[in-house]
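Scroll down for the structure; my scribbles are underneath it.
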Protein chains: 2
Amino acid sequence: MAVGKKSARRRSRCPLNATLEAFGDGWSLLIVRDLMFKGRTMFKDFLDGEERIATNILADRLKKLEALGIIARERDASDARRVRYRLTEKGLDLAPVLVEMIVWGARYEDTDAPPRTIRCMTEDRDRFIAEIRKRWAAGERGAVRSSPKSTS
Amino acid sequence: MAVGKKSARRRSRCPLNATLEAFGDGWSLLIVRDLMFKGRTMFKDFLDGEERIATNILADRLKKLEALGIIARERDASDARRVRYRLTEKGLDLAPVLVEMIVWGARYEDTDAPPRTIRCMTEDRDRFIAEIRKRWAAGERGAVRSSPKSTS
DNA sequence: CCGGATCCGTTTCGATACTG
DNA sequence: CAGTATCGAAACGGATCCGG
């Protein structure tokens with residue numbers, strides 16, 4: 001299915017389709033995860049992820065996510081060479097989706113996620129999501145540390 | 001990213017990756033949606049969906065979803081020609097993911113989802129998901145009708 | 001008719017090399 | 001650091017064919 005835009009199939013206005021259009025391609029969602037949980041903000045940060053995304057794919061997906069208003073791109077104030085990406089409100093609202101996907105994956109696919117984090121996500125889901133927002137609002141863009149530990 | 005299996009990237013055991021492996025390709029999730037919300041159970045039912053999936057792609061995805069234990073395939077007792085697909089427990093557990101994706105899509109992408117359904121999903125999320133399970137357990141495989149109306 | 005399998009042109013992906 | 005350019009490999013998807 002890919003991520004193409006001229007595909008004739010894309011006419012359905014099912015909300016699930018709208019979501020798949022945004023990140024049904026696999027890479028986009030990983031980028032959002034990196035931003036949301038891992039404190040990655042720069043082009044190079046994403047490249048260093050364990051999934052080894054190629055530079056051209058990364059550039060393409062960043063562009064698409066920006067066009068969709070899920071992330072925003074801005075030059076670093078202190079160092080003009082650097083570019084920082086951040087989640088917009090729309091992007092932050094993907095937190096519940098991410099959380100449910102992570103929980104499902106952890107339940108069925110034998111992953112390396114810390115059970116503590118998963119428990120936190122399931123037993124206190126709403127608070128967990130609220131904290132993601134809070135941390136973001138506070139401008140603390142570092143990796144998740146306190147109660148929800150590295151979501152890897 | 002597609003759905004390929006020999007990709008070198010697939011080594012991360014991040015639970016999100018596990019989930020993306022399952023249905024990060026776009027079509028798979030639509031099939032699950034058809035099963036979960038639209039009462040579609042047969043090969044032809046999926047073909048008739050508004051997204052116009054090709055027969056070869058459909059066959060491939062059904063096989064993959066079955067291999068992953070998300071759906072199960074069985075011949076109809078009354079008519080040996082027919083094949084019925086159904087969600088397994090693992091597949092039913094995708095309900096929260098689907099719901100969050102639908103809610104997000106409906107909030108941001110101007111879809112044709114009935115506001116009533118969306119409200120039901122957000123304001124009474126847990127009950128909504130519980131009802132999906134209940135309906136399924138009761139053997140009522142028809143399209144969703146009562147409180148959550150056509151999810152399109 | 002139902003549930004696919006096969007063929008085949010087109011599109012997209014993705015690894016590497018290269019550039020500002 | 002933050003991307004383009006290139007190019008072979010893979011996936012898509014429409015049409016058609018086939019066994020039951």
Side-chain angles (χ1 to χ4, degrees), chain A residues 1-12 17 20-21 23-31 34-35 40-67 71-86, chain B residues 1-12 17 20-21 23-31 34-35 40-67 71-86:
Chain A
M1 168 125 86
V3 79
K5 34 199 39 153
K6 52 185 62 165
S7 164
R9 247 181 345 75
R10 280 314 189 194
R11 288 193 228 114
S12 164
N17 254 341
L20 284 172
E21 185 118 29
F23 52 82
D25 76 290
W27 286 119
S28 303
L29 201 56
L30 293 177
I31 294 172
D34 283 354
L35 279 163
R40 296 186 183 138
T41 62
M42 299 191 306
F43 195 89
K44 182 149 190 305
D45 294 336
F46 300 121
L47 282 182
D48 290 343
E50 53 286 330
E51 285 94 3
R52 316 270 84 202
I53 186 171
T55 62
N56 54 344
I57 307 292
L58 176 56
D60 177 71
R61 295 308 191 277
L62 286 171
K63 224 174 288 181
K64 276 175 181 160
L65 285 172
E66 192 189 359
I71 65 176
R73 189 193 121 111
E74 47 206 30
R75 292 208 169 267
D76 192 309
S78 60
D79 184 347
R81 291 181 314 180
R82 290 165 187 268
V83 176
R84 290 206 178 277
Y85 293 92
R86 64 178 175 78
Chain B
M1 169 125 80
V3 79
K5 36 198 36 155
K6 50 185 60 164
S7 163
R9 247 180 347 77
R10 281 313 189 193
R11 287 190 230 115
S12 165
N17 254 339
L20 285 171
E21 184 118 29
F23 53 81
D25 77 291
W27 285 119
S28 303
L29 200 56
L30 292 178
I31 294 172
D34 282 355
L35 279 163
R40 296 188 182 136
T41 62
M42 300 193 304
F43 195 88
K44 182 146 190 307
D45 293 337
F46 301 119
L47 283 181
D48 290 344
E50 52 285 332
E51 285 93 3
R52 313 271 87 201
I53 186 171
T55 63
N56 54 343
I57 306 290
L58 176 57
D60 178 71
R61 296 307 191 277
L62 287 171
K63 222 175 289 179
K64 276 173 179 159
L65 285 172
E66 191 188 0
I71 65 175
R73 192 192 119 109
E74 47 207 29
R75 291 209 168 270
D76 192 308
S78 60
D79 185 348
R81 290 181 313 181
R82 291 163 186 270
V83 175
R84 292 208 176 276
Y85 293 92
R86 63 178 177 79

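If you're wondering where the values come from, they're calculated on a predicted model, not measured in any experiment. Chain letters run A, B, ... following the sequence lines, proteins first, then strands; residues in each count from 1. All heavy atoms count here, side chains included; hydrogens, waters and symmetry mates do not.
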Arg81(A) atom CZ is separated from dA2(D) atom C1', nearest whole Å, by 11 Å
Should Phe46(B) and Leu35(B) count as side-chain neighbours, where that means a heavy-atom distance under 4.5 Å?
yes
Separation of dG4(C) atom P from Lys64(B) atom NZ, nearest Å, is 15 Å
dC12(D) phosphate, OP1 or OP2: any side-chain N/O from Arg61(B) under 4.0 angstrom? yes
Separation of dA17(C) atom P from Asn56(A) atom CG, nearest Å, is 13 Å
Next item on the list: Tell whether Thr55(A) reaches the base of dA15(C) with its side chain through a donor-acceptor pair below 3.5 angstrom.
Entry: no
Sorted by chain and residue number, the side-chain contact (heavy atoms from CB on, under 4.5 Å) partners of Asp45(B) (sequence neighbours excluded) come out as Arg40(B), Thr41(B), Met42(B)
Separation of dA2(D) atom P from Ile31(A) atom CD1, nearest Å, is 14 Å
note: Leu62(B), atom CG; dC2(C), atom P; distance rounded to Å ~ 16 Å
Look at Lys63(B) and dA5(C) and indicate whether a side-chain polar atom (N or O) is within less than 4.0 Å of OP1 or OP2. yes
Measuring to OP1 and OP2 of dC2(C), would you say a side-chain N or O of Tyr85(B) lies under 4.0 angstrom away?
no
For Asp76(A), the salt bridge (Lys or Arg N to Asp or Glu O under 4.0 Å) test, sequence neighbours excluded, returns Arg84(A)
When the rotation axes relating C1' atoms of four end pairs to the next four are compared across the helix from dC1(C)-dG20(D) to dG20(C)-dC1(D), five pairs an end, they differ to 10° by 30°
Across all chains, not counting sequence neighbours, the side-chain contact (heavy atoms from CB on, under 4.5 Å) partners of Ala54(B) are Asn56(B), Ile57(B)
Assert: residue with more 5' nearest nucleotide on DNA chain D, out of Arg82(A) and Ala54(B), is Arg82(A)
Quick one: is Arg73(B) getting a side-chain N or O under 4.0 Å of the dG4(C) phosphate, OP1 or OP2?
-> yes
Residues at least two apart in sequence or cross-chain that pass salt bridge (Lys or Arg N to Asp or Glu O under 4.0 Å) with Lys44(A), listed by chain then number, are Asp48(A)
Between CZ of Arg75(A) and C1' of dC1(D) the distance, given in whole Å, is 10 Å
In whole angstroms, the gap separating P of dC13(C) from CH2 of Trp27(A) amounts to 12 Å
Of all heavy-atom pairs linking Trp27(A) and Glu51(A), the shortest is CH2-O, 3.6 Å
Rounded to whole Å, the CG-C1' distance (Asp25(A) to dC12(D)) equals 15 Å
Contacts of Arg82(A) meeting salt bridge (Lys or Arg N to Asp or Glu O under 4.0 Å) (sequence neighbours excluded), chain-then-number -> Asp79(A)
Picking from dG14(C), dT4(D), dG3(C), the nucleotide nearest the side-chain atoms of Ile57(A) would be dG14(C)
